[in-house]
Asks: 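Sending over a structure as structure tokens; questions will come in a sec.
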Amino acid sequence: MTLMTFVYLIAGLVLLVAGAEVLVRGAAKLAAQFGISPLIIGLTVVAFGTSAPETAVSVQAALNGSGDIAIGNVVGSNIANVLLILGMTALVAPLIVSRQLIRLDVPIMIGASLATYGLALDGALSRLDGILLFAAVVAYTLFLIISSRRENAATTNDEFTKEFGLNEPAKPYAGLINAALVIGGLVLLVVGSNFLVEGAVALARALGLSELVIGLTVIAIGTSLPELATSILAAIRGERDIAVGNIVGSNIFNLLCVLGLSSLVSPQAIAVSPTALAFDFPVMIAVAVACLPIFFAGYCINRWEGVLFLSYYVAYTLYLILASTGRPFANTFGDAMLGYVLPLTAVTLIVIAGRAWKTQR
């Protein structure tokens with residue numbers, strides 16, 4: 001393992017985060033100059049922007065023939081978004097879960113997870129699969145725009161107008177400046193994704209780990225940094241419902257948009273490893289399904305639940321590390337389940353039942 005491997009990894013992560021921020025702000029202001037409402041900007045530009053690092057890395061990996069990194073990035077990011085990022089954010093401040101999120105967005109996240117898993121069961125994600133996934137994200141975005149216009153357009157307008165300064169007077173050459181920001185953000189994303197993929201492949205080879213494990217851990221956490229920053233800042237500012245919505249929305253876009261685009265541009269069908277189908281996809285689905293009872297019990301995520309989420313993520317990561325040592329799958333899975341996951345699950349179910357009983361009183 002060389003120093004350049006770490007340089008590539010760190011440089012890639014920094015460029016991805018910076019590129020996503022520059023791209024979103026430039027695109028938001030440019031869209032506002034063309035008369036597009038802050039609501040639509042928030043539901044399209046910002047929504048796609050938070051998943052820009054995942055998109056750049058998975059598309060680049062697909063073009064390079066590194067299917068395990070493309071798949072691992074998305075699956076790992078979705079797991080990290082809920083367990084790691086919501087866990088860390090809940091430690092900052094208890095998070096509020098809106099009823100609409102439970103009625104609509106979480107079921108859509110579960111449906112998207114199941115649909116992606118179903119498409120991947122044949123061992124590959126083809127171009128046709130990519131078309132289906134991307135068509136679904138287009139339909140989802142249009143639905144969000146239409147429903148939000150009816151329900152809370154004023155609130156959303158104020159939120160995004162304030163965040164991105166869309167009501168500020170236009171400066172001289174503002175259009176050129178914002179266009180330059182968009183182009184610059186795209187360049188940073190492309191360069192950053194190249195660095196990160198190259199560094200990750202080199203790291204996997206040096207440590208004797210599979211590209212799937214690197215994609216599920218190092219790359220997944222790195223590309224989730226924008227979501228982490230957005231959620232923690234939202235919690236600090238008191239926008240605790242936005243923090244949860246950001247994660248759920250990001251997971252939906254990761255599955256439908258990121259994997260959809262990656263499958264579309266890949267020269268050949270993206271191979272899905274049997275390991276991912278046997279374990280990582282089911283974990284992603286289980287995490288998505290678990291959000292329903294946890295969110296529903298009291299409509300909030302308390303600090304101690306944040307600790308539980310983080311504990312589950314530690315368990316998952318430890319399992320990946322143990323499995324990468326070459327130990328038999330059954331032994332590794334049994335150790336992780338009996339020693340860590342089952343006790344945590346028992347505690348979680350007891351607490352959820354207690355909260356639900358207390359809420360009914």
Side-chain angles (χ1 to χ4, degrees), residues 47 50-51 54 58 71-90 95 97-121 125 129 132-133 136-137 139-141 143-144 215-217 220-221 223-224 227-228 231 241 243-260 272 275-301 305-306 308-317 319-320 337 341 344-345 348-349 352:
T50 56
S51 294
E54 286 91 344
S58 288
I71 298 293
N73 175 37
V74 171
V75 174
S77 290
N78 278 23
I79 294 171
N81 279 350
V82 174
L83 299 183
L84 177 63
I85 295 179
L86 277 187
M88 292 181 65
T89 307
L95 303 176
V97 181
S98 70
R99 294 177 185 268
Q100 177 183 342
L101 202 69
I102 296 173
R103 291 198 309 264
L104 178 66
D105 298 292
V106 172
I108 289 177
M109 177 177 69
I110 295 171
S113 302
L114 290 170
T116 305
Y117 183 49
L119 292 174
L121 278 176
L125 287 175
D129 296 333
L132 294 174
L133 292 173
V137 80
Y140 174 67
T141 304
F143 173 78
L144 282 181
L216 289 165
T217 53
I221 294 174
T223 56
S224 293
E227 286 91 344
L228 176 61
S231 295
D241 55 339
V244 183
N246 170 56
I247 292 302
V248 175
S250 176
N251 279 11
I252 294 171
F253 274 91
N254 282 348
L255 290 166
L256 302 182
C257 178
V258 177
L259 279 184
V272 183
T275 301
L277 289 173
F279 185 73
D280 302 294
F281 269 97
V283 169
M284 179 187 71
I285 294 170
V287 168
V289 172
C291 286
L292 272 180
I294 292 175
F295 290 1
F296 183 75
Y299 297 100
C300 70
I301 306 173
E305 288 172 314
L308 280 178
F309 277 170
L310 288 173
S311 299
Y312 275 117
Y313 192 72
V314 170
Y316 174 69
T317 305
Y319 168 80
L320 291 179
M337 290 292 291
V341 175
L344 274 177
T345 303
T348 303
L349 292 175
I352 290 174

Asks: Between Gly72 and Ala220, what is the shortest heavy-atom contact and its length?
Replies: O-CB, 4.3 Å

Asks: Going by the side-chain contact (heavy atoms from CB on, under 4.5 Å) test, name the single residue among Ile301, Leu84, Ile85, Thr89 that passes it with Phe309.
Replies: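 Single side-chain contact (heavy atoms from CB on, under 4.5 Å) partner of Phe309 among Ile301, Leu84, Ile85, Thr89: Ile301.
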
Asks: Quick one, Ile102 and Leu292 - any side-chain contact, counting heavy atoms below 4.5 Å?
Replies: yes

Asks: Compare all side-chain heavy atoms of Leu83 with those of Val287 and state whether any distance is below 4.5 angstrom.
Replies: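 SC-SC contact between Leu83 and Val287 confirmed.
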
Asks: State the OG-CD1 distance between Ser58 and Ile71, to the nearest 0.5 angstrom.
Replies: 7.5 Å

Asks: To the nearest 0.5 Å, what is the distance between CD (Glu305) and CG (Leu310)?
Replies: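 That separation rounds to 12.0 Å.
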
Asks: Let me confirm one number: the CD1-CD1 distance from Ile285 to Ile110, rounded to the nearest 0.5 Å.
Replies: 10.0 Å

Asks: Is the shortest heavy-atom distance from the side chain of Asp280 to the side chain of Leu320 under 4.5 Å?
Replies: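 Yes; the side chains approach each other to less than 4.5 Å.
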
Asks: Restricting to non-hydrogen atoms, name the atom on Asn81 and the atom on Ser224 that form the minimum distance, rounded to 0.1 Å.
Replies: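 Heavy atoms of Asn81 and Ser224 come nearest at OD1-OG, 3.3 Å.
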
Asks: Hey, does the side chain of Asn254 reach the backbone of Val74 with a donor-acceptor pair shorter than 3.5 angstrom?
Replies: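 A pair under 3.5 Å: no.
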
Asks: Can you see which heavy atom on Leu216 is nearest to which on Tyr316, and at what distance?
Replies: CD2-OH, 3.6 Å

Asks: In terms of side-chain heavy atoms, does Asp105 have a donor or acceptor partner in Tyr140 at a distance below 3.5 Å?
Replies: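 The criterion, which ignores hydrogens and geometry beyond distance, is satisfied for Tyr140 and Asp105.
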
Asks: Roughly how far, to the nearest 0.5 Å, is the CG atom of Asn73 from the CD1 atom of Ile221?
Replies: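 The CD1 atom of Ile221 sits 11.5 Å away from the CG atom of Asn73.
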
Asks: Please round to the nearest 0.5 Å and tell me the distance separating atom CG of Leu119 and atom CG of Leu259.
Replies: 10.0 Å

Asks: Given the rule in the side-chain contact (heavy atoms from CB on, under 4.5 Å) test, do Val82 and Tyr312 qualify, once you have shown the distances and angles that lead to the verdict?
Replies: CA-CA 10 Å; Val82 174; Tyr312 275 117; over 6 Å; no

Asks: Quick check for you: to the nearest 0.5 Å, what is the distance between Ile252 atom CD1 and Thr141 atom OG1?
Replies: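 The OG1 atom of Thr141 is 9.5 Å from CD1 of Ile252, to the nearest 0.5 Å.
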
Asks: Any idea which heavy atoms bring Ser77 and Asn251 closest together, and the distance?
Replies: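 Shortest heavy-atom contact: O-OD1, 4.4 Å.
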
Asks: Restricting to non-hydrogen atoms, name the atom on Val106 and the atom on Cys291 that form the minimum distance, rounded to 0.1 Å.
Replies: CG1-CB, 4.2 Å

Asks: How close do Met284 and Ile79 get, heavy atom to heavy atom, and via which atoms?
Replies: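 Distance-wise, the nearest heavy atoms are CA-CG1, 3.9 Å.
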
Asks: What's the verdict on side-chain contact (heavy atoms from CB on, under 4.5 Å) for Val272 and Phe281, showing C-alpha distance, side-chain angles and the deciding distance?
Replies: CA-CA 10 Å; Val272 183; Phe281 269 97; 3.8 Å; yes

